[in-house]
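Written below as structure tokens is the structure these notes are about.
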Amino acid sequence: MTNMIKRGAFIVFEGCDRSGKSTQSRLLVEHLQKTAVPVKHMVFPERSSNIGQLINGYLTNKQDLNDETIHLLFAANRWEHTNEILNLLKSGTTLVVDRYSYSGVVYSAAKGMSLKWCMSPENGLPRPDIVFYLKAEADALLDRGNYGEERYEKKEFQMKVAKIYEEIYEKEKDYWHQVDAKQNPSDIHEQIKEKFADILKNVETNEISQIKW
């Protein structure tokens, strides 16, 4: 009799630009690799696909697209990787993802678009087991490296982003975990490791759910 494969955990990091998502997702991946947990690191937007290249051109200010078009391209970029996400999770691989649906919704809504309209294309995507929300005020992020290089890295805009993240956090507390991003990165990492250990145990008996907004 063969043992059933335990599915992997779906972990997402969200927060304003330069809040430490990339650092914390990388540290978690390195920790899991050292502890022999099968893991894959993903970053959205995933810029290598045809859709991803269009998004990259927009983010680096090389191409202009209207707000509705870029929002739908971000959503399509997630949908085109859905089968990969599901197959990896079901095969026992834990996914650590830097940005996901919530960034797409928050950043478009911060431009003044309807939150309900922005959420609509995300319905049905695989829902994370936990979202680590790295919370920090926009002022605290200004002195972090390379801030301001991409289209959305402007203080006023990031203040709007932070406000909408808070609104979503209040609605999604059952699977969002807020972390103070102003702490030392090593301290944040220790908190995330501890929380992740609980999540990994729980996913063994939980099905992969879908985003429903």
Side-chain angles (χ1 to χ4, degrees), residues 10-22 24-25 42-47 51-52 54-82 85 97-142 144 147-181 209-213:
F10 188 6
I11 313 298
V12 168
F13 286 84
E14 290 282 2
C16 293
D17 289 349
R18 309 296 168 179
S19 59
K21 299 178 300 300
S22 297
Q24 292 304 325
S25 59
M42 298 182 75
V43 179
F44 283 104
E46 199 291 308
R47 306 191 191 202
I51 293 172
L54 287 172
I55 294 171
N56 186 63
Y58 172 82
L59 290 175
T60 55
N61 297 298
K62 295 174 183 175
Q63 183 173 0
D64 280 325
L65 297 166
N66 68 37
D67 292 341
E68 290 78 12
T69 299
I70 191 62
H71 180 79
L72 294 173
L73 284 173
F74 271 107
N77 187 233
R78 289 181 281 275
W79 276 105
E80 69 177 336
H81 290 89
T82 295
I85 288 171
V97 181
D98 183 349
R99 293 199 185 281
Y100 191 53
S101 281
Y102 316 98
S103 287
V105 169
V106 167
Y107 278 70
S108 290
K111 299 176 186 177
M113 298 169 68
S114 161
L115 188 60
K116 183 177 180 181
W117 187 89
C118 293
M119 289 176 169
S120 182
E122 312 297 324
N123 281 310
L125 283 169
R127 197 192 85 166
D129 295 300
I130 189 169
V131 174
F132 287 109
Y133 166 41
L134 299 177
K135 180 181 178 179
E137 300 298 330
D139 286 345
L141 305 175
L142 293 176
R144 296 193 176 183
Y147 191 92
E149 287 188 353
E150 291 200 331
R151 185 179 293 259
Y152 295 140
E153 292 179 347
K154 307 291 184 290
K155 177 183 173 182
E156 294 77 11
F157 186 78
Q158 289 295 315
M159 289 173 68
K160 295 177 183 176
V161 165
K163 184 175 183 294
I164 299 170
Y165 264 126
E166 281 297 303
E167 293 176 16
I168 293 180
Y169 167 70
E170 290 299 323
K171 294 177 182 177
E172 308 293 336
K173 280 184 176 179
D174 58 325
Y175 67 104
W176 278 49
H177 180 69
Q178 182 174 293
V179 180
D180 181 0
S209 58
Q210 296 179 335
I211 290 176
K212 295 178 181 178
W213 272 338

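We use all heavy atoms of the structure for the numbers below, so side chains are in, but hydrogens, waters and symmetry mates are not. All values derive from a computational prediction rather than experimental measurement.
For the residue pair Tyr102 and Pro128, the shortest heavy atom distance occurs at OH-CD, 3.1 Å. Minimum heavy-atom separation, Cys16 to Gln158: CB-OE1, 3.2 Å.
Under the side chain to side chain contact (heavy atoms under 4.5 Å, CB included) criterion, Met42 pairs with Lys40, Phe44, His81, Glu84, Ile85, Leu95, Val97, sequence neighbours left out. The side chain to side chain contact (heavy atoms under 4.5 Å, CB included) check on Pro45 picks up Arg47, Ile55, Leu59, Phe74, Asn77, with sequence neighbours excluded.
Seen from the ring of Tyr175, Arg127 counts as a face-on cation partner, given the 6.0 Å and 45° thresholds.
Between the Thr60 side chain and the Asn56 main chain, a donor and an acceptor come within less than 3.5 Å of each other. Put simply, the side chain of Ser25 gets close to the backbone of Ser22: a donor and an acceptor are under 3.5 Å apart. Side-chain N or O atoms of Ser108 include none that pairs as donor or acceptor with a backbone N or O of Val105 at under 3.5 Å. One N or O on the side chain of Thr82 and one on the backbone of Arg78 form a donor-acceptor pair closer than 3.5 Å.
Using modelled atom types, one finds no donor on one side chain facing an acceptor on the other under 3.5 Å when comparing Glu14 with Tyr100. In this structure, a donor-acceptor pair under 3.5 Å is absent between the side chains of Ser19 and Tyr133. Side-chain contact, Trp79 with Glu122: no donor N or O sits under 3.5 Å from an acceptor N or O. A donor-acceptor contact under 3.5 angstrom links the side chains of Asp17 and Tyr107, judged on distance only.
The CG atom of Leu65 lies 7.5 Å from the OH atom of Tyr58; values are rounded to the nearest 0.5 Å. Atoms CG and OG, on Leu125 and Ser209 in that order, are 11.5 Å from each other to the nearest 0.5 Å.
Counting heavy atoms from C-beta on, the side chains of Lys111 and Lys160 never come closer than 4.5 Å. In this structure, Pro121 and His71 have side chains that are in contact, with non-hydrogen atoms separated by less than 4.5 Å. The shortest distance between side-chain heavy atoms of Leu115 and Ile164 falls below 4.5 Å. Met113 places a side-chain heavy atom less than 4.5 Å from the side chain of Glu68. Put simply, the side chain of Ile51 does not reach to within 4.5 Å of the side chain of Leu54, judged on heavy atoms. Residues Glu172 and Val131 form no side-chain contact, since every pair of their non-hydrogen atoms from C-beta on lies 4.5 Å or further apart.
Taking 4.0 Å as the cut-off between side-chain N and carboxylate O, Glu167 and Lys163 count as a salt-bridged pair. Salt-bridge check for Glu166 with Lys135: passed, with a basic side-chain N closer than 4.0 Å to an acidic carboxylate O.
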Exercise for the section: I would like to know whether Phe132 and Trp176 meet side-chain contact (heavy atoms from CB on, under 4.5 Å); could you show each step before the answer? Expected result: CA-CA 6 Å; Phe132 287 109; Trp176 278 49; over 6 Å; no
